[in-house]
> 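Shown below is the structure under consideration.
Every chain is numbered from 1, with letters handed out A, B, ... down the list of sequences. The model shown is predicted, which means the values in this text are computed figures rather than measured ones.
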Amino acid sequence: MSSVRVRFAPSPTGFFHIGSARTALFNWLYARHTGGKFILRIEDTDKERNSEAYLKVILDSLRWLGMDWDEGPDIGGNYGPYFQSQRTELYKAKLQELIQLGKAYEKDGAWWLRLEGKRSTVFDDHLKKEIEKVDAAPMVLDDLVRGRVERAEDRDFVLFRSNGEPVFHFVNVVDDIEMKITHVIRGEDHLSNTSKHLEIFKAFGVKPPEYAHIPLILKTDGPGKMSKRDRGALIEEYQNKNYLPSAVRNYLCLLGWTPADGKEILPIDEIIKQFELKAIHQSNARFDEKKMSHINAQTLRALPASEFVAIAKPILQHAQVLNDNVSDARLAEVLSIIQEKVNSLEHLPEFVGFFFNNDFKKDEAAFANLTKKGGEPTARVREILVHLQSIEWNVAAIEAAFNAAGTEHNRKPTDFFAPVRFAVSGQGGGAHLIGVLHALGRDLTLARLQSFIA
RNA sequence: GCCCCCUUCGUCUAGCCCGGUCAGGACACCUCGUUUUCACUGAGGUAACUGGGGUUCGAAUCCCCAAGGGGGCGCCA
């Protein structure tokens, strides 16, 4: 049994950012890798933006990505409450402690941490005003990812605002102490804040936890880190596009960490087994939706057929392409021939809808391709139709019909493929045509070819 | 302005700690193949050590500087 205790401490804002998801994931992976505890703590001190619906977004997203927690707002635990808004008395008591120790003082109605060092008054270019600087000793951080980092705070900072509410730095450290957090795994944007946190630990006389500052996720193009407004930045986008949560999670793992064995696509228990903080990268990574899409596609095709059906069925039902006549067996049959070709679930309804409905969409670009370079789709369909009309409806016979048509008209059998595919599906691509025709059945195939040339 | 972190193909990266590799892989892209003008698949290809100084017989690898990128500097979190 490991003594590792890590936490993810999101602020409920109504959205779940991909960067937050990755931070949560790394904490979760570390807890699961070490056999420690993963704790969820809600930083809802900002009453303006707090609501239950917002909390639900976070919990649902974490669950969707397959993460679970050992202590948290919904399940409790020995170190609760897990909402910061319910820990006000604790923060006040801890402030009193610092006041007693002479480490905090009041000024302008707020409570400040007193740094140790020589003081002088200087004009600050950034704040555009006179401030009191303190020549404090640098705080030394032995970061698990970055190594030794030294940084000195140069002025006192606020612990409690004049309105009586504690600030982030204070509650964050107090909670980490009280919840016995052993490892803080967070974004590099907090690296500069760490000296403040270490000062607070020092003021309390408490040994700080280990820190691991992980690289940030940058915009695909353009400057800066991913922000909520960037395409692909919110987890809900992937839920809406029917991405496989395991694929999203897999990709997120690759942003800032590389599996030791070099394999990029791997099951979560394998990732848990291999995950090490020392292997986390030091440099930021640019988000690449194409790569995530690729991982999603690979994962999708590798799914056991029954699982693929289970995932696809509700999506097709929701898109209303399945009517009551479609049996589970029939659905499984159709899905089995397209799974090896499928790229995403986002457009699955259009991809397989023609099997179940006669009013399928027709891809205009695909149709345009048929007549390019002197193509005569109507003639080809007319020619192949003759050979398909009276055959036994099995794969071998259908294939033989294409060969016969090719021989008769001195063409490659494949010359008939694209026109036939478009006639029966309205698409330019898809699963292997012979299999499609076989699954579609004789009646529908012939009827659609007839109507194409009519 | 001050402080901190980072720097290998277009992108994600391996290699760096313990100097000697044709600097490897993946995505994307290009070419060719496959009974589809393919949301499958196979083969091949283009493409990188930010720059400058050291140290060394030898540097992507060690040291310094510069440049570039990122982050922070609130009574936000």
Side-chain angles (χ1 to χ4, degrees), chain A residues 9-11 13 43-46 48-49 84 107-112 124-128 138 141 143 145-147 149-155 157-169 171-172 187-196 213 215-216 218 220-221 223-225 251 254-258 260 262-265 281-295 297 300-301 338-344 346-348 351 366 368-370 372-373 375 399 402-403 406 412-422 427-434 436:
Chain A
S11 188
T13 57
E43 306 218 331
D44 58 347
T45 49
D46 188 344
E48 301 288 301
R49 343 185 273 201
Q84 289 187 332
K107 188 179 95 183
D108 301 332
W111 288 90
W112 299 67
D124 186 281
D125 282 338
H126 186 254
L127 298 169
K128 308 287 184 208
L141 166 65
D143 194 272
V145 171
R146 276 147 217 287
V149 178
E150 262 189 40
R151 186 171 187 279
E153 284 300 313
D154 61 358
R155 61 199 179 100
F157 55 92
V158 170
L159 265 17
F160 257 73
R161 299 183 192 107
S162 52
N163 68 3
E165 287 174 7
V167 305
F168 162 74
H169 303 298
V171 298
N172 196 264
E188 200 229 51
D189 48 345
H190 285 292
L191 189 57
S192 294
N193 289 329
T194 308
S195 47
K196 278 192 182 68
H213 285 93
L216 303 181
L218 268 28
T220 303
D221 35 45
K225 56 177 178 174
Y251 176 68
L254 265 23
L255 246 26
W257 175 78
T258 305
K263 284 200 184 107
E264 294 188 321
I265 300 176
H281 309 154
Q282 302 187 319
S283 50
N284 296 339
R286 233 167 248 287
F287 175 74
D288 181 359
E289 190 168 8
K290 288 214 178 104
K291 181 124 186 184
M292 171 145 69
S293 177
H294 170 257
I295 290 173
L300 217 36
R301 291 180 207 122
I338 63 99
Q339 187 184 355
E340 62 172 12
K341 285 275 215 169
V342 82
N343 226 354
S344 91
E346 185 183 5
H347 298 115
L348 186 70
F351 197 52
N369 274 335
L370 296 179
K372 262 187 199 164
K373 301 177 199 160
E399 199 172 312
F402 276 89
N403 288 335
K412 289 188 296 183
T414 53
D415 287 348
F416 302 95
F417 279 32
V420 169
R421 180 187 295 284
F422 183 84
Q427 296 174 22
H432 194 279
L433 185 64
I434 305 293
V436 168

> Identify, between A:Leu433 and A:Lys290, the residue whose nearest nucleotide on RNA chain B lies closer to the 5' end.
A:Lys290
> Along nucleotides 1-8 of chain B, 5' to 3', which nucleotides get a B, which get an S, and which get a -, given that the test is a protein heavy-atom distance under 4.0 Å?
B-SSBSS-
> In the structure shown, which nucleotide is the Watson-Crick or G-U wobble counterpart of B:A23, with both distances under 3.5 Å?
none
> Nearest-Å distance, CG (A:Leu216) to C1' (B:A77)?
15 Å
> Sticking with atom P, work out how far B:U55 lies from B:G15, rounded to a whole angstrom.
29 Å
> Heavy atoms only, 4.0 Å cut-off, all strands: where does A:Asp108 land among base, sugar-phosphate and nothing?
base
> Say we look at B:C49 and B:C73: how far apart would their P atoms be, to the nearest angstrom?
36 Å
> If you take all heavy atoms of A:Val167 and A:Val158, which pair is closest and at what distance?
CG2-O, 3.1 Å
> Between A:Phe402 and A:Asp415, does the side-chain contact (heavy atoms from CB on, under 4.5 Å) criterion hold? Intermediate values first, please.
CA-CA 9 Å; A:Phe402 276 89; A:Asp415 287 348; over 6 Å; no
> So what does A:Asn193 hit on the nucleic acid, given a heavy-atom distance under 4.0 Å: a base, only sugar-phosphate, or nothing?
base
> Heavy atoms under 4.0 Å, any strand shown: does A:Pro223 hit a base, just sugar-phosphate, or nothing?
sugar-phosphate
> Assess the side chains of A:Glu43 and A:Ser11: does a donor N or O sit below 3.5 Å from an acceptor N or O?
no
> If I pick the C1' atom on B:C17 and the same atom on B:G33, what distance separates them, to the nearest angstrom?
45 Å
> Determine the Euclidean distance between corresponding C1' atoms of B:C6 and B:U46; express it in Å to zero decimal places.
28 Å
> Mind running side-chain contact (heavy atoms from CB on, under 4.5 Å) on A:Thr414 and A:Leu433 for me, showing each step along the way?
CA-CA 10 Å; A:Thr414 53; A:Leu433 185 64; over 6 Å; no
> Can you tell me how far C1' in B:C16 sits from the matching atom in B:U7, rounded to whole Å?
13 Å
> Sequence neighbours left out, what passes side chain to side chain donor-acceptor pair (under 3.5 Å) with A:Lys291? Give chain and number order.
A:Glu264
> Taking any heavy-atom pair under 4.0 Å as a contact, classify A:Ser162: base, sugar-phosphate, or nothing.
base
> Quick one: which of B:G71, B:U37, B:U11 gets closest to the side chain of A:Arg286?
B:U11
> Closest approach of A:Gln339 and A:Leu300, non-hydrogen atoms and distance?
NE2-O, 3.1 Å
> Kindly determine whether A:Glu188 and A:Leu216 satisfy side-chain contact (heavy atoms from CB on, under 4.5 Å), including the steps that lead there.
CA-CA 6 Å; A:Glu188 200 229 51; A:Leu216 303 181; 4.2 Å; yes
> For A:Leu255 and B:C27, give me the distance from atom CG to atom C1', rounded to whole Å.
13 Å
> Atom CE of A:Met292 and atom C1' of B:A28: how far apart are they, to the nearest Å?
15 Å
> Could you state the CD-P distance from A:Glu153 to B:C73, rounded to the nearest angstrom?
10 Å
> Check every strand shown and say whether A:Lys412 touches a base, only sugar-phosphate, or nothing at a heavy-atom separation below 4.0 Å.
nothing
> Can you tell me the Watson-Crick or wobble partner of B:G58, both distances under 3.5 angstrom?
none
> Looking at the side chain of A:His169, which of B:C75, B:A77, B:U13 is the nearest nucleotide?
B:A77
> With nearest nucleotides of RNA chain B determined for A:Phe402 and A:Leu254 from heavy-atom distances, which residue corresponds to the more 5′ nucleotide?
A:Leu254
> Hey, does A:Pro215 have a side-chain heavy atom less than 4.5 Å from the side chain of A:Arg146?
yes
> Which part of the nucleic acid, if any, lies within contact of A:Ala110, taking any heavy atom under 4.0 Å across all strands shown: a base, the sugar-phosphate backbone alone, or nothing?
base
> Roughly how many Å is it from OH in A:Tyr251 to C1' in B:A28, rounded to a whole number?
12 Å
> Give A:Gly406 one of three labels, base, sugar-phosphate or nothing, depending on what nucleic acid heavy atoms sit under 4.0 Å from its own.
nothing
> Please give the nucleotide sitting opposite B:G44 as a Watson-Crick or G-U wobble pair, both distances under 3.5 Å, or none.
B:C30
> At less than 4.0 Å, is any side-chain N or O atom of A:Arg301 found next to OP1 or OP2 of B:U41? Yes or no.
yes
> When rounded to the nearest Å, what value does the distance between P atoms of B:A23 and B:C3 take?
39 Å
> Considering Watson-Crick and G-U wobble pairs with both distances under 3.5 Å, what does B:C73 pair with?
B:G1
> For B:C49, what is the paired nucleotide under Watson-Crick or G-U wobble rules, both distances under 3.5 Å?
none
> Nearest 0.5 angstrom please: A:Glu165 CD to A:Gln84 CD, how far?
11.5 Å
> With A:Glu150, which residues qualify under salt bridge (charged side-chain N to carboxylate O under 4.0 Å, His left out), at least two apart?
A:Arg148
> Identify the nucleotide, in any strand shown, that forms a Watson-Crick or G-U wobble pair with B:C9, with both distances under 3.5 Å; if there is none, say none.
none
> Would you say B:C40 has OP1 or OP2 under 4.0 Å from some side-chain N or O of A:Asn343?
yes
> Output a table of nitrogen or oxygen pairs between the protein and nucleotides 22-26 of chain B separated by less than 3.5 Å.
| residue | atom | partner | partner atom | Å |
| --- | --- | --- | --- | --- |
| B:A26 | O2' | A:Glu264 | OE1 | 2.7 |
| B:A26 | O2' | A:Lys291 | NZ | 3.1 |
| B:A26 | N3 | A:Lys291 | NZ | 3.3 |

> Output all residues satisfying side chain to side chain donor-acceptor pair (under 3.5 Å) with A:Ser344, sequence neighbours left out; order by chain, then residue number.
none
> NA contact type, A:Phe351, heavy-atom cut-off 4.0 Å: base, sugar-phosphate, or nothing?
base
> Just by distance, do the side chain of A:Ser195 and the backbone of A:Ala152 share a donor-acceptor pair under 3.5 Å?
no
> Which heavy-atom pair separates A:Val145 from A:His281 by the least distance, and what is that distance?
CG1-O, 3.6 Å
> Expressed as a whole number of angstroms, how long is the span from A:Ile338:CD1 to B:C38:P?
18 Å
> Taking the C1' atom in each of B:C57 and B:G52, what is the distance between them to the nearest angstrom?
23 Å
> When we call it a touch if two heavy atoms are under 4.0 Å apart, what does A:Ser344 touch: a base, just sugar-phosphate, or nothing?
base
> If you compare all heavy atoms of A:Phe422 against all heavy atoms of A:Ala366, which two are closest, and at what distance to 0.1 Å?
CD1-CB, 4.1 Å
> If you restrict it to nitrogen or oxygen atoms, what contacts under 3.5 Å exist between nucleotides 42-49 of chain B and the protein, and what is each distance?
none

> Ignoring backbone atoms, establish whether A:His281 has a side-chain N or O less than 4.0 Å from OP1 or OP2 of B:U13.
yes
> Tell me the interatomic distance from A:His432, atom NE2, to B:U41, atom C1', rounded to whole angstroms.
12 Å
> Does the pair A:Tyr251 and A:His294 meet the rule for a side-chain contact (heavy atoms from CB on, under 4.5 Å), with working shown?
CA-CA 10 Å; A:Tyr251 176 68; A:His294 170 257; over 6 Å; no
> With rounding to the closest Å, how many angstrom separate the P atoms on B:C12 and B:G70?
13 Å
> I need the CZ-C1' distance between A:Phe416 and B:U37, as an integer number of Å.
15 Å
